[in-house]
Amino acid sequence: MVLSILAATACAGRRVPPLAGPSSAPVMETPARVALITAPRSDAEWNALGDEAAALLSQYLRINTTNPPGNEIVAARWLASLLRREGIEARIFEPAPGKANLYARLAGDGSARPLILLNHMDVVLASPEYWTVDPFSGVIKDGFVWGRGALDMKGEGIAQLMTMLILKRAHVPLKRDVIFLATADEEIGAGVGAAWFVEHHGDLIRDAEFLLNEGGTTRANGRGGVDYYGVGTTEKSPFWLDMTARGTAGHGSRPTPDNPVHRLVRALNRIADWAGRTPLVVTPAVERYFRDLSTIERDTAQRRWFADIRAALRDSVAVRSITGDIAYNALLRNTISITGLKGSDKTNVIPPVATAVLDVRLLPGQEPAAFLAELVRVVGDTGVAFRPQGPSWPATESSTDTELFRAVVAAAHARHPDALVTTPMLAGFTDSHYFRRMGVASYGIAPFPLTQSDSRGVHGNDERVSVEALRFGVRFYYDVVARVAAK
Ligand SMILES: [Zn+2]
């Protein structure tokens, strides 16, 4: 199967078919379907399904959904055509020209509440000059499917799609509905994607009990095994701020005492200094995560510190070492990154205002208003004002005491009995918070085992996923879903 896909794609690589015809319906030829009579059992069947997933992902990556503008409607139509030809009804919602959210549902007997498989169709910008392949070629070479979105998150979207197709093809009896929800505008953190869907069509998912989304980590050890499965149960909350300093404008040759650029720089200096000293806070999820890590940590000092992170944070040597790791640091405090600055456009003009933007991320349990008050106190200048860029929300968390969480653990241990299954808090954020706030237990899982270096393609260059990881991921995803949805 791999060989035939490689051959087919090599041809396609030379003569890429147009993505969309005049009707803007995708005209890509659909890859061969793996027929099923019962749920797949043999390795050969699973490998064939994994290879079908690779061929589908290759096509999906050729649909350029760089956001902005996203143009997710083309992706939605392509996904809908795949679902419909299997007899799965799919609805496309178009909140704005070129934008789309797709909703499909497999019916269960209603004895349990639905499970949502959530994925976003948009991707971030790719700079082709830094890639070794065309980021929108979807080329399959050296055993990898290459392209922007392979990991974030068209690959996982395809694993979810294959789960739907396998359930349907094999006529698997379901106790709960399984909903496939592909959305727009995740990467720009606003817009007409998941937030729009929840607001305008919340009735279609209101009864859901569970959701699976991006936001997990499956860490391969590079020797064919998996060290740990990280399941996303909580994430920090973004609190992005615009900052404005006002003062007296003038000519650069006659300095004004309250030059707003000077004022802004002084304020930013205080913020930059404070950013490294914001209070250390241990949330219950983070405490549990460090305790889990201590069981696999090889360094003896770290192992002792992680086992009791609260005690470790009273020891200055431990604090320096632990917060010296940027990933751990972000789990233990509210963080501030100054990311944008603007003063005058002209060298000889003192502007009336100078502005900066701050990327602030808050831990669960932290109030945005309280944080803002503290920031104002640190700056201590009434000529400097802060304004939140958009709505903020308190960070949310899903319980691990659920049937779905236990299913993820069981599916992980069925493959890697010794792997640690743990719950790292995400320092970034996904669309899960919209659903957690509706009471849907939402987990980030990663279907593809990746080493640290494999993950660099996310929002970076040469994003790719191996065909072997796809084979693993399709089977793993299906297993998790079947454990909670099949009768
Ligand atoms: Zn993503």
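Counting starts at 1 for both ligands and their atoms, in listed order.
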Task: Backbone N/O of Ser442 and side chain of Asn213: donor-acceptor pair under 3.5 Å - done: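 Side chain of Asn213 to backbone of Ser442: no pair is present.
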- [ ] Could you check which N/O/S atom of Asp152 is closest to the Zn ion (ligand 1)?
- [x]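 When I compare the N, O and S atoms of Asp152, OD1 is nearest to the Zn ion (ligand 1).
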- [ ] Considering just N/O/S atoms, say which atom of Glu214 is closest to the Zn ion (ligand 1).
- [x]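 Considering only N, O and S atoms, Glu214 comes nearest to the Zn ion (ligand 1) through OE1.
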Open item on the list: Under a plain distance cut-off of 3.5 Å, with no hydrogens placed, do Glu235 and Thr430 share a side-chain donor-acceptor pair?
Closed with: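 A pair is found: one side chain offers a donor N or O, the other an acceptor, under 3.5 Å apart.
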TODO: Using distance alone, with no hydrogens and no angle criterion, decide if His120 and Glu72 have a side-chain donor and acceptor under 3.5 Å apart.
DONE: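 Absent: no donor and acceptor within the cut-off.
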Open item on the list: Regarding Glu187, does it place an N, O or S atom less than 2.8 Å from the Zn ion (ligand 1)?
Closed with: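 No.
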Task: Ion pair check, Arg436 and Glu397, cut-off under 4.0 Å - done: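 Answer for the salt bridge query: no.
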